[in-house]
Amino acid sequence: MPDSTCFWINGRLLPEREAVIPVTDHGLLYGDGVFEGIRFYHRTPFRLSAHLQRLADSCKAIRLALPYTRTQLTEAVDEIITIFPEEDGYLRLMVTRGSGPMGLNPAGCKQANVILIATRLEMVHPELRNEGIRLIIASTRRLPADGLDPRIKSLNYLNHILARMEATQAGVEEAVLLNGQGRVAEGSAENIFIVQGGHLATPRPADGALAGITRGLILELAAKLNIPAREVPLTPYDLYTADECFMSGTGAELIPVREVDGRPLRHCPGPVFSTLASAFRKQVAEECKTRACKPREGEPKESEPKESLS
Ligand code: PMP
């Protein structure tokens, strides 16, 4: 881990060597748990309440009692952002089933573990943000919605990892997972959008897409900018023949796609992508211009001017 990484477990900030949980935690034994990935800019978590809502919903869906209130989690986030040495970073918030006897039955797991990690994150090389990434359609499929609802952000990413390995094997940056019916679901850790004839389209959660916070924001921005947008089933053919394609996610932010399965796309970065990417930057700057948490010692106070992100 980079030196700057900070750890908080079950209410306490800890040095890395003490940031441990028992190997009998069902999060490790069975992937039994849920998580969120949250970015902060200017020491302000972006869309924290949406992330905490999704975390609470994921917990509810898997009948996992979250041992902290929303206010307590917000305080924990503020606490870790305050000690993090940089203004911008990435948070990983995890809730595991906790320690218990061997066996799938979680009844013996009496206390969930809540883990928060603050770190630096560079998902893609900055050059690729301009040039665009290449995708393959993975042979590994998204789990069916009636097997595991894609809205649950669970700790089990094995098929996404296998899809990402296929991308690496093929020498490209990212993989797209299809659902069992051959419809496009999403990337291994991002949602996917296409633009065709000025219209924006993205798969529905029912097709296997996580209800991404960034995806939601793009749909919001598209509505504001009068860009027609639809949540519809898409096939690989729709990706191959799109005018533009891009990925969205907290870690990824917005990344243009230049090629799918060896077929170059018409525009990369395309005009709709560029409009949305700049609206996204503006939105982040607007929502994260004030510090949600205390300034670090020696740092300017809230009223003093700060740099803009855009
Ligand atoms: N799909 C998957 C499988 C992901 O892991 C992520 C990253 N959280 C996303 C989509 C994007 O979601 P969000 O915009 O909420 O980060």
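Counting starts at 1 for both ligands and their atoms, in listed order. Source: prediction; values computed, not measured.
- Residue, atom and distance of the protein heavy atom nearest to atom 14 (O) of ligand 1 are Thr214 OG1, 2.6 Å.
- For the pair Arg43 (side chain) and Phe84 (backbone), a donor-acceptor distance under 3.5 Å is present.
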_Set out, in order, the CA-CA distance, both residues' side-chain angles and the distance that settles side-chain contact (heavy atoms from CB on, under 4.5 Å) for Leu200 and Leu276, then state yes or no._
CA-CA 11 Å; Leu200 194 61; Leu276 287 166; 3.9 Å; yes
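- For Thr202 (side chain) and Glu231 (main-chain N/O), no donor-acceptor pair under 3.5 Å exists by modelled atom type.
- A distance of 9.0 Å separates CZ of Arg97 from CZ of Arg63, quoted to the nearest 0.5 Å.
- Polar contact check, Ser248 against ligand 1: no nitrogen or oxygen pair lies under 3.5 Å apart.
- The closest protein non-hydrogen atom to atom 5 (O) of ligand 1 is Tyr157 OH, 2.5 Å.
- The distance criterion of under 3.5 Å between nitrogen or oxygen atoms is not met by Ser188 with respect to ligand 1.
- Counting heavy atoms closer than 4.0 Å to ligand 1, residue Lys153 contributes side-chain atoms (C-beta onward) but none from N, CA, C or O.
- A distance of 8.0 Å separates CG in Leu265 from CD in Glu259, rounded to the nearest 0.5 Å.
- Distance CD1/Ile136 to CZ/Arg164: 10.5 Å, rounded to 0.5 Å.
- Nearest residue to atom 9 (C) of ligand 1 from Ser154, Gly212, Ala189, Gly37 is Ala189 (criterion: closest heavy atom).
- Ligand 1 lies nowhere less than 4.0 angstrom from a heavy atom belonging to Ala209.
- Close contacts between ligand 1 and Gly249 involve ligand atoms 11 (C), 14 (O), 16 (O) [criterion: under 4.0 Å to a heavy atom].
- Once rounded to the nearest 0.5 Å, the distance linking CD of Gln196 with CG of Leu239 reads 10.5 Å.
- Not a single heavy atom of Glu36 sits under 4.0 Å from any atom of ligand 1.
- Between Trp8 and the choices Val77, Ile115, Val114, the side chain to side chain contact (heavy atoms under 4.5 Å, CB included) rule is met once, by Val114.
- Hydrophobic clustering of Ile, Leu, Val, Met, Phe, Trp and Tyr side chains at less than 4.5 Å, counting indirect connections, unites Tyr68 with Val95.
- Closest to atom 3 (C) of ligand 1, if we only count protein heavy atoms, is Glu186 OE2, 3.3 Å.
- Residue-level proximity to ligand 1 for Ile213 is carried by backbone and side chain together, each with a heavy atom below 4.0 angstrom.
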*Step by step, work out the side-chain hydrogen bond (donor to acceptor under 3.5 Å, both in side chains) result for Ser139 and Glu166.*
CA-CA 8 Å; Ser139 64; Glu166 287 186 48; 3.1 Å; yes
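- Residue contact check: Arg54 has heavy atoms under 4.0 Å from atoms 15 (O) of ligand 1.
- The distance from ligand 1 to the heavy atoms of His160 drops below 4.0 Å at these ligand atoms: 3 (C).
- When hydrogens are left out, the protein atom nearest atom 16 (O) of ligand 1 is Thr250 OG1, 2.6 Å; that is the closest non-hydrogen contact.
- Polar contact with ligand 1: absent for His51 (N/O pair, distance under 3.5 Å).
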